[in-house]
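Each chain gets a letter, A, B and so on, in the order its sequence line appears, and its residues count up from 1. Keep in mind that what you see is a predicted model, and the values were worked out from it rather than measured.
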Amino acid sequence: MPEIPKAYEPQLVEEKWGQYWQEHQCFVADPRSSKPPYSIVIPPPNVTGVLTLGHVLNNTIQDILARLARMKGFEVLWLPGTDHAGIATQAVVERSLREEGLMKHREDLGREKFLEKVWAWKEKHGGIIIQQLKKLGASCDWTRERFTMDPEYSRCVQRVFVELYNKGLIYRGKRMVNWDPAARTALSDEEVEMVEEQGKLWHFKYPLIGEDGFVVVATTRPETMLGDEAVAVHPQDPRYAALRGKQVMLPIVNKPIPVIVDELVDPKFGTGCVKVTPAHDPADYEMAQRHHLPLTVVIGPGGAMTAAAGAGFEGMDRMRARKAVVEQLETMGLVPKIDPHVHRVGYSERTRVPIEPYLSEQWFLRYPAAAQAVSAVETGQIRFHPERWSKTYLHWMANIRDWCISRQLWWGHRVPVWNKDGETRCQIESPGEGWQQDSDVLDTWFSSWLWPFATMGWPEHTATLERFYPTADLVTGPDIIFFWVARMIMAGFEFMGREPFRNVYFTGIIRDKQGRKMSKSLRNSPDPLDLIASYGADALRFGVMRSAPLGQDVLYDEQQVELGRNFCNKLWNACRFRQLQAGETQSEIDPRLLSIDDRWILLRLDAAIRDMDATLADYKFSDAAATLHGFFWSEYCDWYVEAAKAVLQGTNAARRANTLAVIDFVLSHTVRMFHPFLPFITEELWQGMGYAKDMPAEQGGRTIMFAPWPKPLDDDFKTHYGLFDETVELIAARQKLVTEIRNIRAQYKIPANKKLHLVYQAAEDIDAEEKRVIELLAGAEPIAHRASYTPAKGEPVIHPGVGGKLFVPLAGLVDAQAEKARLARELQKVEAEIQKVEAKLANPNFSGKAPPEVLQEHRQRLADWQAQRARLQASLADLE
RNA sequence: GCGCGGUUAGCUCAGUGGUAGAGCAUCACCUUGACACGGUGGGGGUCACAGGUUCAAUCCCUGUAUCGCGCACCA
């Protein structure tokens, strides 16, 4: 670091080391390495995606884990890649093609032409997010980047399909599925989001046939009445017992339909009479099957009414048809009541339009290895963090239903099924002339669920697969626990014979300050790239990690990123301070030359290292970040460095050099511990400060990436350097003394730039160096020692731990009244404390049952408070 | 309806069966030779509410309120 700017400037530094790591292949995993393996697969972002704060959180955690593992001596593979994201990508490309005027609907281009366009689009715009992840500092092995539509990957997907088909787990069936009318495809249950809405409950009168009167049905979907095939009542409902076997006339359509009886009807809801639309409601479909009712499809795949809905409605959008039906019925006087009604409507997670229950032929999968997937989590073979998510997982697994895996899209993996003359074959390659491939593609997740091993070369027994499967940790959001996590576990057992990962860390969801989810439409999602540009990637990482406790949602606030930037600057300047010190350097610390401050900071460093290990082992990244932040800022910078200046500004060259050695020791440890959180600045400091030179050169020269993770100081070290707990007490006592002096300074409004004149009254003077430290910390002139001293009336006095009295002469500043008031306030506080402790100790239950050490601690506390009370009273008496 | 999570300083959040913490914000003082992206000191909390267990509860248990999330075929 030849030129050291006062403020840390991240942009150039981050650029420089990002390139350095790439050039030196620091992220590349070697399956032939002798080190133990550690692996993570990235949750592949959509190939069309751009970096969001959610990605920042997720990938920073993965990067911390990966970098930590490297420093701990593991051979690390963090495998990156992107997902083809069927519907999302197809929708994006369709939109852009429409905007360019190249087509109105994809049918205009045809399947092949359209796919060419998608691939072209992918080549051009895809993978932006990969570049963005690099900016964030993600240490993925980019040489192994995968895409779920790579040719080899596609082969895995089809192979898996064929295998499951041959096992009889994949089948074709006509079912009522969730249909997305905008994308014109089926969706899985998991892709439907239930949204609570204020809707209406319309009551319709259906005239009875052959007698006067009506049956009143209640519905939230008037437009479906055009496809009604029955009216249903509950078998035990006495109100409608007489209706059994009767028929009603379906208005508008003018079709007689029967009244049926079915347990599924809830007599308490609405009128207790349900209109039954077999083709457009799952429950109605179920009833229709029991009662052999016909299926009349009145809503087509695009969400428009069909010919069967009647000439007046054909081609009309379902929402318009709703209004039209209600209007017609109203004119006919058949709408006695419209109630407001809160209900839940299924929306497509992709296109945000209401889902249509739709009867169609689809491919379904009966999940394999479900029992193993359940027991793996139950037994802890796979652990969830936080653990509570395992409950959600197990609940879903217990109610697991077959998975609709076919999609009526073009962008995706083709279903490897071939038809010819009514014959069907399931195989990867075409059976030959005249065979037509099934036109459906597979659900994106049907490729994602193979991610942990398909990316490693499966089904070949590659070195990578042998070495790095199963992976160690998976980091993902709880929102895809069913979509992805559960399915990966099942695929892992089915195809690899074992679990795909051992730990799953579920991040929280990043929300805005108001607690709302980040979303494009709300425009409340800041662009992480902007944040990196103005604060630096390290600052962004640190800010996000500080505020992301295990499993809790994160309310994002830019101030957190500022905190990160400020911290980087602090770290920078602390190192800058070290660089500015002239003089000889030595790498060995001489125990004979250590001050109590030196010993203290080494002990605190030891505590910080232990704390880091404990919190990181529990995936408590925000705690780890807070520990380091607190140690470095509040202990090292605020106390140690300030005290060390007493030696550094002194004349003893040997002591100076030794203190610098302690500083180097602490900094080199601290910088390493920060590296997983702040990769760029720590690399700059590691190499710039020269700490790298003592380390063996590895791949990538002497990068901090492979520097050893700090170990707690062992007993031999502590004995050698005389690190005992008494030191901590000594320093605590001095900190208390200094704080009291500073307090008095503030009380009397003595400007911070004015030095205090202190008088120490005791038989013996304080140790010279200790005195110098106190002077520095308190901002005082050399402390005068007096065997006897008569203070001015009301002169503030402090009682240092070593005995004697420390006076703060105020040269005319003393206001006896003010001082009296101050002392009285203090006294009041102390009295209150004494009362509390005394009351506790006086309670025989407490003294009888509390453990001895607690009792002892209370007695000590009481004695301390009493001593302070005596001092305060004495000072007050002096003022009388 | 069932399940899960939250409720602690103005804000965002840690935390522990035995003297309530951090960051930010706020107030006062300070540009002192690492850092104003800084230093020092201060103010601010009946730890949502009600019971219970305990010598002792912010922490454990039960219930209530409230906010959020997930699951569920009430049309």
Side-chain angles (χ1 to χ4, degrees), chain A residues 4 6-8 176 194 201 217-221 224 232 264-266 268-271 273-277 281-287 341 343-344 357 386 388-389 391-392 395-396 399 478-479 481-482 508-509 511 513 515 517 535 539 546-547 549 551-557 559-560 562-581 620 622-623 626 629-630 634 637-638 641-642 645 649 738-739 742-747 749-755 777-779 833 836-837 840 843-851 853-855 857-858 861 865:
Chain A
I4 313 167
K6 256 174 111 164
Y8 173 57
M176 181 133 324
M194 301 306 282
L201 190 62
V217 296
T219 183
T220 55
R221 300 204 54 198
T224 62
L264 216 57
V265 181
D266 177 1
K268 290 190 287 296
F269 186 87
T271 61
C273 280
V274 191
K275 58 187 270 312
V276 180
T277 318
D281 182 276
D284 292 5
Y285 178 70
E286 204 182 314
M287 285 195 270
H341 180 60
H343 63 146
R344 282 149 296 277
R388 66 186 147 85
W389 288 111
K391 217 167 173 172
T392 306
H395 180 256
W396 186 77
N399 297 287
D479 48 334
I481 189 165
F482 312 137
I509 294 167
R511 298 172 181 283
K513 268 201 255 185
K517 235 174 166 168
Y535 298 104
R546 272 286 336 244
S547 55
Q552 294 291 349
D553 285 357
V554 182
L555 296 205
Y556 168 78
D557 188 340
Q559 281 182 345
Q560 297 289 347
E562 264 182 58
L563 164 80
R565 178 202 54 183
N566 294 354
F567 184 76
C568 288
N569 192 54
K570 189 73 174 178
L571 184 61
W572 180 258
N573 273 290
C575 290
R576 183 166 173 262
F577 172 76
R578 164 65 186 92
Q579 286 298 75
L580 292 174
Q581 301 302 314
K620 292 180 176 170
S622 60
D623 287 359
H629 181 270
S634 306
C637 291
D638 287 352
V641 171
E642 294 307 317
K645 285 176 182 172
Q649 293 170 4
V738 169
T739 304
R742 288 168 171 174
N743 196 321
I744 287 169
R745 173 198 285 282
Q747 294 271 352
K749 305 229 184 294
I750 300 166
N753 56 359
K754 252 189 169 170
K755 298 233 167 188
L777 293 174
E833 292 299 334
K836 262 201 309 204
V837 185
K840 238 173 151 179
N843 184 345
N845 282 326
F846 175 72
S847 39
K849 294 189 181 174
E853 61 273 17
V854 172
L855 216 54
E857 187 270 328
H858 276 72
R861 204 195 304 166
W865 285 125

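- Distance from the side chain of A:Arg388 is smallest for B:C4 among the nucleotides B:C55, B:C4, B:C24.
- Of the P atoms belonging to B:A14 and B:U7, the separation is 7 Å, rounded to the nearest Å.
- Atom CG of A:Asn399 and atom P of B:G3 are 14 Å apart (whole Å).
- Counting heavy atoms from C-beta on, the side chains of A:Lys275 and A:Asp284 never come closer than 4.5 Å.
- B:G44 and B:G52: their P atoms are spaced 32 Å apart (whole Å).
- When heavy atoms are screened at a 4.0 angstrom cut-off, A:Pro844 is found touching no nucleic acid atom at all.
- With values rounded to the nearest 0.5 angstrom, A:Leu201 atom CG is found 9.0 Å from A:His343 atom NE2.
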Contact list (N/O, under 3.5 angstrom) for nucleotides 51-54 of chain B vs protein:
none

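- Using atom C1' as the reference point in both B:G17 and B:G1, the two lie 36 Å apart (nearest Å).
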Tabulated below should be each protein N or O lying under 3.5 Å from an N or O of nucleotides 73-75 of chain B; please produce it.
unit_1	atom_1	unit_2	atom_2	d
B:C74	O2	A:Asp266	OD2	2.1
B:C74	N3	A:Asp266	OD2	3.2
B:A75	N6	A:Asp266	O	2.8
B:A75	N6	A:Phe269	O	3.0
B:A75	N1	A:Asp266	N	3.1

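- Scanning all heavy atoms of the two residues, the minimum distance from A:Ile750 to A:Lys754 falls at CG2-CB, 4.0 Å.
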Secondary structure of RNA chain B per the Watson-Crick/G-U criterion (both distances under 3.5 Å; [ ] crossing, | other strand, . unpaired) is (((((((..((((....[..)))).(((((.......))))).....(((((..]....))))))))))))....

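- One finds the CG atom of A:Leu264 at 5.0 Å from the CE atom of A:Met287 (value rounded to the nearest 0.5 Å).
- We find that NE2 of A:His858 is positioned 16 Å from P of B:G17, with the value rounded to whole Å.
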Counting primed atoms, P, OP1 and OP2 as sugar-phosphate and everything else as base, the B/S/- map of nucleotides 34-44 of chain B against protein heavy atoms under 4.0 Å is BB-BSBSSSS-

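- Between B:U19 and A:Arg861, a contact under 4.0 Å exists linking OP1 or OP2 to a side-chain N or O.
- Going from the C1' atom of B:G5 to that of B:C74 covers 27 Å, rounded to whole Å.
- Remark: the separation of the C1' atoms in B:C29 and B:G43 is 15 Å, to the nearest Å.
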| For A:Asp281 and A:Met176, what are the C-alpha separation, side-chain angles and deciding distance, and is it a side-chain contact (heavy atoms from CB on, under 4.5 Å)? | CA-CA 8 Å; A:Asp281 182 276; A:Met176 181 133 324; 5.5 Å; no

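- Shown here are the side-chain hydrogen bond (donor to acceptor under 3.5 Å, both in side chains) partners of A:Glu642, two or more places apart in sequence or in another chain: A:Lys645.
- Atom CG of A:Asn566 is separated from atom OH of A:Tyr8 by 13.5 Å, given to the nearest 0.5 angstrom.
- Distance check, rounded to the nearest 0.5 Å: CD1 of A:Ile481 to CH2 of A:Trp396 gives 9.5 Å.
- With the nearest nucleotide of RNA chain B identified for both A:Ser634 and A:Asn843, A:Ser634 has the one nearer the 5' end.
- For the residue pair A:Thr277 and A:Thr224, the shortest heavy atom distance occurs at CG2-O, 3.3 Å.
- Between the CD atom of A:Gln579 and the C1' atom of B:G33 there is a distance of 16 Å, rounded to whole Å.
- Regarding contacts with the backbone of B:G3, every side-chain N or O of A:Lys391 stays at 4.0 angstrom or more from both OP1 and OP2.
- To the nearest 0.5 Å, atom NE2 of residue A:His629 and atom CZ of residue A:Arg546 are 6.0 Å apart.
- Within the 3.5 Å criterion, the main-chain N or O of A:Asn569 finds a donor-acceptor partner in the side chain of A:Asn573.
- Taking atom NZ of A:Lys840 as the reference point, atom P of B:G18 lies 9 Å away to the nearest angstrom.
- Atom P of nucleotide B:G70 and atom NE2 of A:His395 are separated by 15 Å, given to the nearest angstrom.
- Taking atom C1' on both nucleotides, B:G15 is separated from B:C47 by 11 Å, rounded to a whole Å.
- A donor-acceptor contact shorter than 3.5 Å is absent between the side chain of A:Arg861 and the backbone of A:Glu833.
- Shown here are the side chain to side chain contact (heavy atoms under 4.5 Å, CB included) partners of A:His395, two or more places apart in sequence or in another chain: A:Asn399.
- With B:U19, B:G5, B:G23 as the choices, the nucleotide that has an atom nearest any side-chain atom of A:Glu857 turns out to be B:U19.
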Discussion item. Quick one, A:Phe269 with A:Val274, criterion side-chain contact (heavy atoms from CB on, under 4.5 Å). Give me CA distance, side-chain angles, the key distance, then yes/no.
Written reply: CA-CA 9 Å; A:Phe269 186 87; A:Val274 191; over 6 Å; no

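- Between B:C71, B:A25, B:G18, one nucleotide has an atom nearer to the side chain of A:Phe482 than all others, and that is B:C71.
- The C1' atoms of B:U31 and B:G23 are separated by 24 Å, rounded to the nearest whole Å.
- With rounding to the nearest 0.5 Å, the separation of SG in A:Cys568 from OH in A:Tyr535 is 13.0 Å.
- The gap from the P atom of B:C30 to that of B:A48 amounts to 40 Å, rounded to the nearest Å.
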